[in-house]
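Below is one structure; the comments refer to it alone.
All residue numbers in this chain count up from 1 along the given sequence. None of the values given here were measured: they were computed from a predicted structure. Every heavy atom of this structure was used, including side-chain atoms; hydrogens, water molecules and symmetry mates were not.
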Amino acid sequence: MKVVLQNLTKRFPNRNKKIREDVIAVNNFNFEIPDGKLIGLLGPSGCGKSTTLNLISGLEKPSEGKVFFGDDDVTDVTPENRGVGLVFQNYALYPHLTVKQNIMFPLENLKGKDKLSKEVMEQKALEAAKLVQIDQLMDRRPGELSGGQQQRVAIARALVKMPRVLLLDEPLSNLDARLRLQTREEIKRIQLETGITTVFVTHDQEEAMSISDLIVVMKDGIFQQMGKPQDVYDHPVNMFVAKFLGTPAINMFEACVKDGFLYFGEEKILPVPGIKDGEVYAGIRPEGFVLDENGPLSCDLKAVEVMGRDTSIVCRNPSCMTENIRVIVNSDRALNSLSGKVRFSVKPAKLHIFDKTTEVTLEREGV
Ligand code: ADP
Ligand code: MG
């Protein structure tokens, strides 16, 4: 089921009573979630992710704009009648009910012609439980399950009615690191198996990048960019997106363009055809540096950290806007002998240049 957000806006009265202006949690969103895809809705805490999800589910009414499921305008349809499955960070299971009863619960509420027999309900609950691999635990109560198992029950409960759209709000935040990895792969598998259009909210860029077909990056209620994770990483529209995606983060420099060349101070880094002369911000991804005795960028070496497959080089340069530059290179080099100064050249595709006022990406020729 395709989901379309049209001029969607949500304002709240400010929680801080001294501030008269409303908070615009979602500011004029216009985008389309394609049928059968998993979309990662990504941004820092407070940027309006949950509000967006609640507008899609119908738990919140928009201040302006519309929500469509396929061609149906669902803006005035209640959450129960939209056909959405919801999963939240805290699993919100009924503690006194068994796993089976928890999963069956949404079916028990069906009325009139939709009412199901007990047998059919049990069958559907079992199918949902199998999908999330908890069909062995049907008679336990939530208190007898681990966090990961409880979250699977919550997902099964959201799936039991075969929703048109599955909405997940930071569903992995309460799980420990290993379980988080495992459960996110499970969610990806379940989404592929069922083909249900899914919106997955997270503030964790790595989580969003790893499982999403498309990511939507937002900031302060404002849509920034939508695209395949790798495309957004490679072609961020602005400095916020560039900095938000990637660990270690992109390294930012105060820079200057003169006669088609990018300079860090006196260091002539690269030709940047198509960019006007003047001051700019330049960002280089950690994997964008090449150790090169004759390279233009000279840095003071601080540390070499071997991390298995990769090695992290921590170094400094006066033009860098943070104290340390983080460089990632393959480990199979004679890195231990490095000391004092190191020199790099820069991979053009891993360099991004931003307008100093608007922080919007400046397009170069040939990249
Ligand atoms: P996120 O999920 O990205 O952390 P939210 O959607 O929860 O962000 O919140 C976005 C903004 O809207 C925040 O500034 C938050 O304080 C505000 N907000 C959310 N819900 C309400 C509400 N019911 N009343 C007032 N302000 C709210
Ligand atoms: Mg939230």
Side-chain angles (χ1 to χ4, degrees), residues 5 23-31 33 37-53 89 168-173 177 180-181 184 187-188 198-255 280-289 310 312 314 320-328 346-347 349-364 367:
L5 310 187
V23 173
I24 308 180
V26 173
N27 194 342
N28 195 24
F29 272 21
N30 283 291
F31 61 85
I33 298 167
K37 298 287 186 208
L38 196 163
I39 304 299
L41 200 54
L42 177 64
S45 177
C47 74
K49 303 180 296 295
S50 295
T51 305
T52 307
L53 209 71
Q89 175 178 341
L168 307 153
D169 194 349
E170 312 237 10
L172 309 180
S173 301
R180 215 159 41 223
L181 266 179
R184 84 182 186 203
I187 290 174
K188 179 80 200 170
T198 300
V199 184
F200 182 101
V201 162
T202 177
H203 63 273
D204 180 335
Q205 56 90 25
E206 198 214 316
E207 199 166 279
M209 301 269 284
S210 65
I211 68 165
S212 308
D213 296 310
L214 296 168
I215 56 171
V216 173
V217 184
M218 49 192 292
K219 176 198 178 199
D220 298 337
I222 298 173
F223 173 95
Q224 305 286 308
Q225 189 169 4
M226 178 171 187
K228 289 185 185 156
Q230 191 68 45
D231 289 347
V232 178
Y233 181 83
D234 289 338
H235 304 284
V237 295
N238 59 32
M239 199 157 111
F240 172 80
V241 175
K243 285 164 92 169
F244 197 71
L245 299 186
T247 39
I250 193 166
N251 300 286
M252 294 302 306
F253 295 83
E254 298 268 6
V280 293
Y281 291 127
I284 305 173
R285 295 279 182 205
E287 67 277 21
F289 299 83
D310 298 327
S312 162
V314 182
C320 187
M321 293 161 73
T322 49
E323 192 177 0
N324 290 325
I325 302 171
R326 289 206 160 259
V327 173
I328 304 285
V346 175
K347 298 178 192 169
K350 294 289 177 183
L351 167 78
H352 302 284
I353 302 179
F354 307 97
D355 185 286
K356 216 165 170 176
T357 317
T358 63
E359 300 187 356
V360 167
T361 301
L362 298 172
E363 297 297 331
R364 281 176 287 156
V367 244

| request: Could you label the plane-to-plane angle of the F29 and F31 rings as parallel, tilted or perpendicular, counting under 30° as parallel and over 60° as perpendicular? | output: tilted

| Does a sphere of radius 6.0 Å around NZ in K37 hold more than 12 heavy atoms from other residues, nucleotides or ligands, not counting ones at 6.0 Å or beyond? | no

| query | At their closest point, which heavy atom of K49 faces which heavy atom of M218, and how far apart are they? | reply | N-CE, 3.9 Å

| request: Apply side chain to side chain contact (heavy atoms under 4.5 Å, CB included) to V232 and M209, showing your working. | output: CA-CA 10 Å; V232 178; M209 301 269 284; over 6 Å; no

| task | List the steps and the verdict of side chain to side chain contact (heavy atoms under 4.5 Å, CB included) for M226 and L41. | result | CA-CA 9 Å; M226 178 171 187; L41 200 54; over 6 Å; no

| note | The side chain to side chain donor-acceptor pair (under 3.5 Å) partners of Q230 (sequence neighbours excluded) come to D234

| Taking all atoms of both residues into account, what is the closest heavy-atom pair of A242 and I250, and its distance? | O-CG2, 3.6 Å

| Does the pair R184 and E206 meet the rule for a salt bridge (charged side-chain N to carboxylate O under 4.0 Å, His left out), with working shown? | CA-CA 11 Å; R184 84 182 186 203; E206 198 214 316; 3.3 Å; yes

| request: Applying ring-ring contact (aromatic ring centres under 6.0 Å, His included), name anything that partners F289, two or more places apart in sequence or on another chain. | output: F344

| Any donor-acceptor pair under 3.5 Å from S210 side chain to E207 backbone | yes

| query | Side chains of H352 and M239: closer than 4.5 Å at any heavy-atom pair? | reply | no

| field | Pairwise distance OG1(T51) to CG(N27) - rounded to 0.5 angstrom | value | 12.0 Å

| task | Indicate the atoms forming the closest heavy-atom contact of A208 with I215, along with that distance. | result | O-CG2, 3.8 Å

| Does K350 reach the main-chain N or O of R285 with its side chain, forming a donor-acceptor pair under 3.5 Å? | no

| query | Would you call V360 and V237 a side-chain contact if the rule is heavy atoms closer than 4.5 Å? | reply | no

| Roughly how far apart are I353 CD1 and K356 NZ, rounded to 0.5 Å? | 13.0 Å

| query | V314 and R326: which non-hydrogen atoms are nearest, and at how many Å? | reply | CG2-NH1, 3.7 Å

| request: Tell me, please, which residues at least two apart from F354 pass ring-ring contact (aromatic ring centres under 6.0 Å, His included). | output: none

| Heavy-atom side-chain contact between S173 and Q89 under 4.5 Å | yes

| said: Using 0.5 Å steps for rounding, measure from the CG atom of N238 to the CG atom of L362. | reply: 11.5 Å

| Is there a side-chain contact between F223 and N30, using heavy atoms and a 4.5 Å cut-off? | no

| note | For Y233 and E287, the nearest pair of non-hydrogen atoms, with its separation, is OH-OE2, 2.6 Å

| query | Can you tell if the side chain of L42 reaches within under 4.5 Å of the side chain of H203, non-hydrogen atoms only? | reply | no

| message | So P236 and L245, do their side chains get closer than 4.5 Å, heavy atoms only? | response | no

| query | Is T52 close to V201 at the side-chain level, that is, under 4.5 Å between some pair of heavy atoms? | reply | no

| request: Determine yes or no for a side-chain-to-main-chain donor-acceptor pair under 3.5 angstrom, with E359 supplying the side chain and Y281 the backbone. | output: no

| Can you name the nearest heavy-atom pair linking F244 to P44, along with the distance? | CZ-N, 3.7 Å

| said: To the nearest 0.5 Å, what is the distance between CD1 on I211 and CG on L172? | reply: 7.0 Å

| said: If you define the side chain from C-beta out and look only at heavy atoms, does anything of V216 sit under 4.5 Å from I39? | reply: yes

| remark: Interatomic distance, NZ@K188 vs OG@S212, rounded to 0.5 Å, equals 7.0 Å

| Counting only N and O atoms by type, is there a donor-acceptor contact under 3.5 Å from the side chain of D220 to the main-chain atoms of I222? | no

